[in-house]
Amino acid sequence: MAISRAQLLKELLPGLNALFGLEYARYGEEHKELYETETSERSFEEETKLSGFSAAPVKNEGSAIAYDNAQEAWTTRYNHETIALGFSITEEAVEDNLYDSLSARYTKGLARAMAYTKQVKAAAVINNGFTNSSAYYGGDGVPLFSTAHPLTGGGTNSNRPTVGADLNETSLEAAVIQIAAWTDERGLLIAAKPKKMIVPPALQFVATRLLETSLRVGTADNDINALKNNGSIPEGYSINHFLTDNNGWYLTTDVPNGLKHFIRSPLANSMDGDFDTGNVRYKSRERYSFGWSDPLGVFGSPGSS
């Protein structure tokens with residue numbers, strides 16, 4: 001339905017001092033702190049994890065060399081979604097508006113709506129990362145954050161605490177140690193390290209105290225802050241305002257092909273006029289997907305409650 005003069009009564013009369021409601025600041029592209037971004041030229045993308053070789057055995061004198069098999073472990077699929085929104089304005093509403101350009105004002109609102117949706121969808125991967133439901137499973141058949149990511153050679157990797165822990169010095173140090181113990185599909189250590197912490201607004205002050213103070217937090221001892229001194233979280237922390245769990249905290253790692261954002265069609269804006277009615281229509285459209293390939297690209301804790 002087109003925006004008509006009935007919805008714009010005050011804008012048709014003199015004496016209005018201000019129009020407001022579409023000029024609010026908005027949070028930036030916070031998904032870029034979490035995701036690697038790639039372009040896509042297909043309706044979907046698939047990425048397959050490979051299983052390499054186990055540790056080499058000792059070859060005894062005169063004995064035959066041992067041969068190992070490599071294989072595919074599992075595959076992740078990214079299905080692109082089309083996100084689109086538009087509005088229409090009647091010819092009379094454009095003619096009789098006394099203040100500024102209707103189209104210029106409402107296209108700003110359209111851009112705001114499109115940007116907001118992208119951030120919500122990006123954060124949804126993290127917000128649903130602990131949900132034990134097939135709708136939120138990754139290629140390895142478990143949620144993004146799990147204590148039991150299966151390995152081809154047997155055993156599991158865990159990218160969350162066994163019991164959810166609030167963000168503090170002890171839990172953060174335990175996460176750094178846990179990440180260092182991750183292995184590949186055949187049990188070989190992969191030398192993974194944290195890169196950046198991602199927190200909701202409610203934890204920003206805790207993150208600052210943990211990562212940016214020189215001495216230990218919450219103690220009378222004159223000990224150094226080992227997390228800062230060792231550079232355990234080299235890129236510091238970032239706030240994501242679209243995270244829904246105020247107790248949850250997350251660490252991105254240097255493991256490649258973790259959280260990914262595919263752009264199938266970048267944001268495009270267009271407009272056209274209807275000859276019969278004179279209405280002018282505006283729309284924005286883009287296609288993209290968010291997900292993960294290797295769950296070891298991120299560590300997460302839901303907090304203790």
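Just so it is clear, the values below take in all heavy atoms, side chains as well, and ignore hydrogens, waters and symmetry mates.
For the residue pair N269/S284, the side-chain donor-acceptor check at 3.5 Å is satisfied. A donor-acceptor contact under 3.5 angstrom links the side chains of N132 and Y137, judged on distance only.
Pairs engaging residues 119-130 under the salt bridge (charged side-chain N to carboxylate O under 4.0 Å, His left out) rule: E81-K121 [sequence neighbours left out]. Applying the ring-ring contact (aromatic ring centres under 6.0 Å, His included) test to residues at least two apart or on different chains, the pairs with a partner in residues 35-62 are Y35-F290. Each salt bridge (charged side-chain N to carboxylate O under 4.0 Å, His left out) pair with one or both residues in residues 58-68, not counting sequence neighbours, appears once here: D68-R186. Sequence neighbours left out, the pairs with a member in residues 144-175 that pass ring-ring contact (aromatic ring centres under 6.0 Å, His included) are F130-F145, F145-Y250. For residues 187-198, every residue pair satisfying the salt bridge (charged side-chain N to carboxylate O under 4.0 Å, His left out) rule, not counting sequence neighbours, is listed here: E33-K196.
Closest heavy-atom contact between T152 and A73: OG1-CB, 3.6 Å. Here the closest non-hydrogen pair linking E45 and S40 is OE2-OG, 2.6 Å.
The other residues sharing a hydrophobic cluster with W182 are L167, L172, V176, I179, I190, M197, V199, L203, V206, L210, L211, L227, I233, Y237, I239, W249, L251, V255, L296, F299, where clustering joins ILVMFWY side chains under 4.5 Å apart.
The aromatic rings of Y116 and F242 lie perpendicular to each other, with more than 60° between the two planes, well past the 30° mark.
Taking 4.5 Å as the limit, some side-chain heavy atom of K118 sits within range of a side-chain heavy atom of E286. Side-chain contact check for L188 versus T183: every heavy-atom pair is 4.5 Å or farther apart.
For the side-chain hydrogen bond (donor to acceptor under 3.5 Å, both in side chains) with S293, the lone residue among K260, R77, E47, K49 that qualifies is E47.
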